[in-house]
Structure formats: structure tokens, C-alpha cells
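Chain A is the first sequence line, chain B the second, and so forth, proteins listed ahead of strands; every chain is numbered from 1.
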Amino acid sequence: MSSSEKYRALKGMRDVLPPDIYLWQQVERTAAELFSSYGFNEIRTPIAEATNLFTRGIGEGTDIVEKEMYTFEDKGGRSISLRPEGTASVVRCYIENQLHTLPSPQKYYYAGPMFRYERPQSGRYRQFYQIGVEAFGSASPVLDAEVISMLCHFLARLGLTGLNVQINSIGCPTCRPGYIEILRGFLGDRQTDLCSDCRRRYLTNPLRILDCKVDGCAGVRQGAPHVVDHLCSDCSDHFNTLQLLLSHLEIPYTVNHEMVRGLDYYTRTAFEVTSANLGAQNAVAAGGRYDRLVKECGGPDVPAVGFAIGMERIIELMKQTCPAPVRAPALYIAVLGERALQRGLGIADTLRNRRIWVETGDYTASLKSQMRKADRLGAGFVFIIGDDELAAGALRWKLLSDGSEGTTPFSAVTSFFESRLR
RNA sequence: GUGAGCGUAGUUCAAUGGUUAGAGCACUGGAUUGUGGUUCCAGUUGUUGGGGGUUCGAGUCCCCUCGCUCACCCCA
């Protein structure tokens with residue numbers, strides 16, 4: 001709104017406040033509980049890394065490293081970047097800590113902010129949060145299925161419905177080059193009808209033409225050969241077994257032949273969960289297999305699968321079905337005078353030790369204003385303590401929902417309150 | 001990086017180019033002593049995002065700028 005002097009959060013970055021914060025906590029708690037039942041352990045890596053970890057890991061030609069990274073020099077002249085995604089950091093962590101020496105597969109999850117310098121829009125922020133999962137050390141499609149299944153259960157446990165799971169296989173270094181040539185052959189004489197980006201992609205990364213959203217390109221690629229029909233036998237077996245497992249697990253999915261992931265490191269399985277209830281940025285979670293990345297980053301030849309969940313997008317969907325819960329104190333202690341305040345503070349302490357949310361009033365304010373404040377906070381009970389109550393050794397209580405009132409001795413406060421709580 | 005829409009009180013919104021820019025909600029206090037919600041009364045809040053221009057006169061028209069929103073691109 002007004003005034004250039006006021007500080008505001010940077011473009012594309014925002015505060016998370018109550019009541020939304022309780023949804024965030026719920027999502028994080030659910031992830032921690034569910035993922036650990038699948039044997040995934042949390043890890044925390046720094047939010048900044050050497051820039052070349054990302055350029056090498058994510059791929060020189062990707063938009064993310066080409067134009068979206070927050071990159072700066074530290075005081076020692078080193079090029080540092082804020083992480084634009086989580087996988088590269090986790091891979092670095094896996095290699096640096098020699099986690100391959102532990103029994104395979106090693107399974108980890110992380111949660112935290114990522115940074116990309118993009119133009120913000122609905123569901124897209126410059127600082128955004130992901131919960132990600134990475135499993136190292138098994139090339140088996142069983143692990144792909146486990147990870148996809150875990151993701152679906154996670155989303156279901158949060159009460160999200162109407163989501164769409166799409167999978168595809170984009171092959172491996174053995175079969176992908178062959179497919180790319182076949183694709184180029186198909187597109188060959190129709191190149192001129194492609195958009196300018198796709199004409200460039202024809203040379204650099206023809207796979208990306210498959211998921212270009214420009215109308216003309218969709219027409220040009222109609223009838224294009226599917227990757228899945230040109231996989232080597234290993235990749236083909238892998239993909240078929242994955243589908244079989246997903247069916248056994250009763251996970252509804254569709255094969256999307258046009259889905260290729262944007263990051264260079266993916267091999268074989270690629271998958272994505274989308275929602276029709278978001279804006280243009282409709283991916284809720286996405287991931288895939290990256291069997292060559294660990295080696296490419298200087299580690300042992302270890303295959304891996306993972307995915308990342310877009311926190312803000314999950315939260316948005318949750319808010320559409322049920323609003324964020326409003327929290328309110330169970331008890332407000334209205335106090336009249338300093339002696340009453342002292343008594344009230346003691347009671348508050350006792351009950352707080354029993355995990356009860358208690359607020360105390362301002363003894364210089366009128367009872368009316370304290371009552372009003374209790375009501376505004378949505379407190380369940382009010383305790384009233386004044387000279388009369390101190391003399392009688394019993395406080396007045398009032399249940400705000402129906403206005404009922406009574407007295408109870410100070411000595412019986414704990415048991416009174418706990419029995420009335422449920 | 002490209003395009004479009006929108007910027008008026010804490011908030012939601014009014015105000016044919018024409019007095020001192022208003023209203024609801026919210027907030028604070030009060031309606032006989034120590035009782036919330038509903039009601040009534042009173043009070044507080046603005047560089048109309050900022051800068052320039054047109055005009056006798058600009059919240060209103062024009063230009064620039066900043067911000068927000070949405071979309072493209074790309075992605076979670």
C-alpha cells in the first residue's frame with residue numbers, strides 16, 4: 001500500500017502466520033510420522049552450497065541454473081548459491097558423509113525453504129518450501145513404487161482428494177539417445193512449425209518438445225513416437241514392473257507419454273501429482289529416478305529415487321476444503337487487584353504445567369474489559385478472582401459458551417478444571 | 001525476462017473532473033459499583049502507493065515509477 005519507507009517482505013517471499021501456521025505444522029508432523037514408518041530419516045542440510053554443485057547437479061542448460069538462482073560471492077570470493085531445490089544438496093551430503101557405507105537403501109527426507117528468482121504468481125514464490133524424499137542404493141522398481149505409494153498415502157492422510165498421479169519413463173543413457181534420434185526423425189521436416197523455443201530444443205533437448213504447452217507444438221508432435229516404446233529391455237522391464245506394483249498397491253495413475261521432467265538428472269521413472277484446483281502451477285509434488293547423479297557428483301555409482309512436495313500448494317488445497325483451525329485459550333483468568341493477580345498467576349502456572357493454555361488478565365483493567373478480551377480470544381472458561389474470592393478462598397468460574405457460573409475453592413482448581421475440560 | 005488487471009483508513013469498499021475524501025467491519029472507552037457475545041452512544045485512523053503533467057479545479061484524465069495480483073516462460 002503506502003509509503004516507501006516501510007519495510008516489507010521481499011517480492012515473492014512471505015510470512016506464515018496463525019492460523020495457517022497450524023496447517024504447516026500439521027503437514028510437517030504428518031510427514032515426519034508417515035515417512036518414518038517407511039524407514040525414512042530426516043536430514044538437514046545447509047540452505048546454501050557452492051554454486052557449481054547446482055550447475056553440475058541440476059544441469060547447465062536448465063532454466064533453474066541459467067536464470068533463477070540466487071547467486072553471490074562470499075567474502076572469500078567463493079561463488080555461493082541459495083539452494084533452488086533439495087536433491088543436489090542431499091546428494092552432496094550422501095557423498096560427503098559416505099552414507100553408501102551404511103546398509104542400502106538409505107532413505108532420507110528433508111523439509112525447508114528453496115529459492116528461485118522467478119516472477120511470482122499463484123502457487124509460485126521466490127522462497128518456497130518443499131518436503132522432499134530421497135532413497136539411495138537400490139535400482140529396483142520396488143523402491144520407485146514404495147516412494148510413489150508413500151507420497152499418495154501422505155496426500156491422502158492430509159485429506160486431499162481429486163489428485164492425479166502421472167508416470168512416465170524417460171529411459172537411460174543406453175536407450176534414450178536412440179529414442180531422441182527417432183523423435184528428431186519424426187519431427188525432422190516439421191521443425192519449422194515449432195515455436196522458437198522448441199526449434200532450439202530440437203538441437204539441445206528434443207525431449208522437452210513433448211511437454212511444450214504452445215498450441216502449435218502440440219499439433220506438430222501429434223502421433224510422435226512414445227519413449228516407452230523405445231526403451232531398452234532393462235528400462236522397459238523396470239517400467240512394466242513399476243506399473244504392476246502400483247496396480248497391486250491400488251494406486252490410480254495414468255501414463256503420460258508427454259511428461260518429461262525439467263531437470264537433467266532424471267533417468268527412467270518420472271512422476272508427478274497434479275491438482276485441478278490450483279492455478280496454472282498445478283503440480284503438487286513431482287519426482288523421479290536419478291541413477292547417475294551421485295556418480296556425476298563425484299560419488300560412487302549409486303542409483304536413487306526421490307520426489308519433492310510443494311508445501312504452499314498443499315496448504316492451498318487444504319484451505320480449500322477446511323479452513324485453518326483457530327486456536328483459543330482454554331482459560332482466561334480475570335483478576336481484580338494485585339493480590340488477585342498473584343493468586344491468578346499461581347493458578348495459571350499450575351494449569352500450564354498440565355499443558356493447558358491459560359491467559360491472565362490485566363489487573364488494572366475493568367472486569368468488563370477483561371471479560372470482553374476473554375470473549376475475543378475465544379476462551380472456554382473465565383476465572384474471576386477479586387477481593388471477595390480471596391476472602392472466601394474460592395474463585396468464580398464462568399463458561400463462556402452458555403454463560404453458566406459457579407464457584408470452586410482454590411484448592412480444587414486443578415481437578416475442577418480437568419474434569420470440565422472434556 | 002514478456003503481457004494484462006489493480007493500488008482510497010488496520011480491513012472490505014464508496015465518492016458525474018467541483019465544498020473539509022465517506023460508510024460497514026475492526027479497534028478503544030462508556031451505558032450506576034465486579035460479568036463477555038446482541039443492542040445503543042462516543043472516539044481514533046488517511047501524504048487517495050510515489051513523482052511529474054493537463055486543468056480555474058485531479059482520488060477521478062495523461063506520462064513515469066514502485067508495489068500487488070494473475071498469466072506466459074518455467075516449475076514444487
Side-chain angles (χ1 to χ4, degrees), chain A residues 1-6 8-12 14 58 61-68 83-87 111-133 151 195-198 200-201 208 211-215 259-263 271-275 278-288 306-317 332 334-337 340 361 363 365-390 395-405:
Chain A
M1 208 134 323
S2 63
S3 182
S4 49
E5 303 164 38
K6 277 182 184 162
R8 18 182 346 139
L10 298 180
K11 183 196 279 283
R14 50 180 209 159
I58 298 168
T62 60
D63 281 12
I64 291 179
V65 317
E66 230 168 50
K67 49 192 188 192
E68 296 175 1
R83 60 183 184 193
E85 55 100 55
T87 301
M114 307 296 161
F115 302 84
R116 290 183 201 171
Y117 192 85
E118 299 179 270
R119 196 80 160 257
Q121 73 185 73
S122 180
R124 189 171 76 182
Y125 305 92
R126 288 184 173 179
Q127 175 173 341
F128 61 102
Y129 290 76
Q130 290 187 335
I131 299 179
V133 148
L151 172 59
C195 70
S196 58
D197 283 334
C198 283
R200 180 174 49 79
R201 287 172 182 141
R208 304 285 288 137
D211 66 355
C212 178
K213 287 164 200 91
V214 175
D215 285 346
M259 183 185 62
V260 298
R261 310 264 49 250
L263 283 45
F271 60 92
E272 199 167 293
V273 179
T274 57
S275 165
L278 293 170
Q281 308 301 321
N282 65 351
V284 165
F307 64 74
I309 300 164
M311 193 70 175
E312 288 84 354
R313 296 178 187 179
I314 297 269
I315 300 288
E316 174 55 32
L317 290 174
Y332 189 93
V335 288
L336 301 159
Y363 75 94
S366 66
L367 179 60
K368 176 194 272 297
S369 72
Q370 293 187 63
M371 289 297 293
R372 195 179 318 187
K373 183 155 286 183
D375 183 60
R376 258 195 10 231
L377 290 172
F381 280 92
V382 176
F383 282 177
I384 299 167
I385 304 173
D387 291 340
D388 295 350
E389 287 73 21
L390 291 171
L395 56 76
R396 283 200 80 73
W397 56 263
K398 182 165 186 170
L399 180 60
L400 289 187
S401 58
D402 65 4
S404 60
E405 281 189 65

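Base pairing of B:A76 is not made with any nucleotide, judged by Watson-Crick or G-U wobble geometry with both donor-acceptor distances under 3.5 Å. When both pairing distances are held under 3.5 Å, B:A23 makes a Watson-Crick or G-U pair with B:U12. In this structure B:U54 sits in no base pair that meets the Watson-Crick or G-U test at under 3.5 Å. With a cut-off of 3.5 Å on both Watson-Crick or G-U wobble distances, the partner of B:A4 is given as B:U69. Figure legend. B:G59 is base-paired to no nucleotide; pairs are counted as Watson-Crick or G-U wobble with both atom distances under 3.5 Å.
Note: A:R376 CZ to A:S369 OG = 9.5 Å, rounded to the nearest 0.5 Å. How far CZ of A:F383 is from CZ of A:R396: 12.5 Å, rounded to the nearest 0.5 Å.
In the set B:C73, B:G37, B:C75, B:C73 carries the atom at the smallest distance from any side-chain atom of A:K67. With distances taken from any side-chain atom of A:R372 to the nucleotides B:C68, B:A76, B:G30, the minimum falls on B:G30. When distances run from any side-chain atom of A:A308 to the nucleotides B:A76, B:C75, B:G67, the shortest one goes to B:A76. Here the side chain of A:L367 is nearest to one of B:G34, B:A76, B:C72, namely B:G34. Looking at the side chain of A:D375, the nearest of the listed nucleotides B:G29, B:G36, B:G34 is B:G36. Comparing atom distances between the A:R8 side chain and each of B:G3, B:C68, B:A76 picks out B:C68 as nearest.
Between A:I384 atom CD1 and B:U33 atom P there is a gap of 14 Å when expressed in whole angstrom units. Rounded to whole Å, the distance from CZ on A:F383 to P on B:G34 is 21 Å. Rounded to whole Å, atom P of B:C75 lies 13 Å from atom CE of A:M259. Summarising the geometry, the separation between CG on A:L278 and C1' on B:C75 is reported as 13 Å, rounded to the nearest angstrom. Between A:R396 atom CZ and B:G34 atom C1' there is a gap of 10 Å when expressed in whole angstrom units. Rounded to whole Å, atom P of B:G3 lies 16 Å from atom CD of A:Q121.
Rounded to whole Å, the separation between the C1' atoms of B:G10 and B:U44 comes to 12 Å. Using C1' as the reference atom, B:C62 and B:U54 are 7 Å apart when rounded to the nearest Å. Rounded to whole Å, the P atom of B:U60 lies 14 Å from the corresponding atom of B:U19. Nucleotides B:G24 and B:A15 are separated by 15 Å at their C1' atoms, to the nearest Å. Using atom P as the reference point in both B:C27 and B:U38, the two lie 10 Å apart (nearest Å). Taking atom C1' on both nucleotides, B:C40 is separated from B:C56 by 46 Å, rounded to a whole Å. B:G59 and B:G43 have their P atoms separated by 27 Å, given to the nearest Å. Rounded to whole Å, the P atom of B:C68 lies 22 Å from the corresponding atom of B:C63.
Taking 4.0 angstrom as the limit, A:K398 places none of its side-chain polar atoms (N or O) nearer than this to OP1 or OP2 of B:G36. For the pair A:Q281 and B:C75, the criterion of a side-chain N or O lying under 4.0 Å from OP1 or OP2 is not met. Dashed line: the shortest gap from a side-chain N or O of A:K368 to OP1 or OP2 of B:G34 is not under 4.0 Å. Between B:U69 and A:R14, no contact under 4.0 Å exists linking OP1 or OP2 to a side-chain N or O. Side-chain N/O atoms of A:Q370 include none lying less than 4.0 angstrom from OP1 or OP2 on B:U35.
Under 3.5 Å, the side chain of A:E405 and the base of B:U35 form at least one donor-acceptor pair of N or O atoms. One can find a donor-acceptor pair under 3.5 Å joining the base of B:G34 and the side-chain atoms of A:E389.
A cation-pi arrangement, defined by a distance under 6.0 Å to the six-membered ring centre and an angle within 45 degrees of its axis, is absent between A:R83 and A:F115.
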